[in-house]
Amino acid sequence: MNIVLNIPHSSVNGLFDREIGKWQRNALFINDCVNKWTDWHTDMLFSTDNPHVNQVVFPYSRFVCDAERLVEDPFEEIGQGIIYTYYEDYKRGYISDKGREMLMNLWRMHQSRLVDSMDGEGSVIIDCHSFPSGLADCDICIGHNNDWSYDERLVSMVVDEFMKNGYTVKVNEPYGNSITPKASFQYKSLMIEVNKRVYMSERNVSLLCNPRLWKRWFGTIERVYRKILKR
């Protein structure tokens with residue numbers, strides 16, 4: 001049994017790539033969309049030396065390819081499926097059939113990496129994200145699906161650990177659900193969303209320099225991992 005950390009939105013790579021990026025070099029787009037909706041530093045935020053925790057980081061921006069979206073995703077209707085075509089008032093440039101296939105291959109590879117990183121039955125995927133402070137007044141959002149991937153005891157255990165360490169927590173608010181790539185075995189999945197105010201300055205897009213903050217955060221996340229592995 002192990003934990004796999006899915007980190008799909010921490011990168012800004014590829015935005016202006018000629019084949020797969022195609023976004024305009026527009027400062028308003030960067031400030032209004034990219035800076036706001038990139039999960040800054042979550043690859044570091046959830047990192048650990050625990051050998052039973054594997055991290056899978058998607059290497060491109062969500063605006064290039066959203067590794068979280070589904071085939072025939074409902075968000076396709078507003079141009080925000082696996083391959084974004086619009087975001088708010090900003091339109092992406094034309095992507096050729098070759099470019100689309102490259103992007104779909106990136107999506108497929110990420111799904112495969114998640115499954116290959118699990119040890120089989122009993123493994124847990126943690127979907128790792130952050131959210132802008134204006135969306136909710138909680139520090140932590142725990143999300144889950146209402147299907148075979150949901151473990152009530154597991155979710156309660158994670159909620160309790162964060163609350164015990166002084167974080168305010170909501171479940172499935174402001175976001176719900178958690179990623180479940182197709183596998184030949186069953187596993188559990190939950191999402192941890194961290195309010196950006198907890199660890200960074202959204203205005204400056206920079207990490208907060210507070211040793212006590214980081215000691216508390218990393219102590220808490222390590223205990224969360226250990227409790228999940230011992231459940």
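Any value given below was found using the heavy atoms of this structure, including those in side chains, with hydrogens, waters and symmetry copies removed. One-based numbering along the sequence shown.
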Which atom names give the shortest non-hydrogen contact between [X] and [Y], and what distance separates them?
X	Y	result
E193	S130	OE1-O, 3.2 Å
T220	F162	CG2-CD2, 3.7 Å
N165	R216	O-NH1, 2.9 Å
F16	W23	CD2-O, 3.2 Å
N195	C138	ND2-O, 2.9 Å

Between [Y] and [X], do the side chains contain a donor N or O and an acceptor N or O under 3.5 Å apart?
X	Y	answer
N145	S149	yes
T168	D139	yes
H52	N2	no

Does this structure show an ion pair linking [X] with [Y], if we count only N-O contacts that are shorter than 4.0 Å?
X	Y	answer
K98	E101	no
D17	K22	no
D137	K170	yes
E161	R223	yes

If you define the side chain from C-beta out and look only at heavy atoms, does anything of [X] sit under 4.5 Å from [Y]?
X	Y	result
I95	L103	yes
T48	I221	no
N54	I3	no
C65	Y60	no

Would you tabulate the side-chain donor-acceptor contacts of residues 6-14 under 3.5 Å, counting partners in other chains and residues two or more places apart, or write 'none'?
residue	atom	partner	partner atom	Å
N6	OD1	H110	NE2	2.7
N6	ND2	E68	OE2	2.7
N6	ND2	D127	OD1	2.6
H9	NE2	D66	OD1	2.8
S11	OG	N13	N	2.9
S11	OG	N13	ND2	3.4
S11	OG	P59	O	3.1
N13	ND2	P59	O	3.1

**Request:** Give a yes/no verdict on a cation-pi contact between R113 and F58, requiring under 6.0 Å between NZ or CZ and the six-membered ring centre and an angle within 45° of the axis.
**Result:**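 Here R113 fails the 6.0 Å and 45° test against F58.
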**Request:** Could you list who else is in V4's hydrophobic cluster, with ILVMFWY side chains joined at under 4.5 Å, directly or through other members?
**Result:**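 Besides V4, the cluster holds V56, L114, V115, M118, I125, W148, I179, F185, Y187.
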**Request:** Please step through side-chain contact (heavy atoms from CB on, under 4.5 Å) for the pair F218 and S47, ending with a clear verdict.
**Result:** CA-CA 9 Å; F218 283 114; S47 64; 4.3 Å; yes
Would you say that more than 12 heavy atoms from the other residues, nucleotides or ligands in this model lie under 6.0 Å from the [atom1] of [X], or not?
X	atom1	result
Q24	CD	no
M163	CE	no
F46	CZ	yes
D97	CG	no
D147	CG	yes

**Prompt:** Side chain of R231, backbone of R226: donor and acceptor closer than 3.5 Å?
**Reply:**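 Absent.
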**Prompt:** When you look at R212 and W217, which way does the side-chain contact (heavy atoms from CB on, under 4.5 Å) test go after all the steps?
**Reply:** CA-CA 8 Å; R212 289 185 179 180; W217 171 260; over 6 Å; no
**Request:** Run the numbers on S133 and E202 for side chain to side chain donor-acceptor pair (under 3.5 Å), then give the verdict.
**Result:** CA-CA 8 Å; S133 58; E202 293 167 87; 2.7 Å; yes
**Prompt:** Quick check, are the ring centers of F75 and Y84 under 6.0 angstrom apart?
**Reply:**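 Not close enough - the centres of the two rings lie 6.0 Å or further apart.
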**Prompt:** Which class fits the ring pair F63 and Y87: parallel under 30°, tilted 30 to 60°, perpendicular over 60°?
**Reply:**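 Perpendicular, since the angle between the ring planes exceeds 60°.
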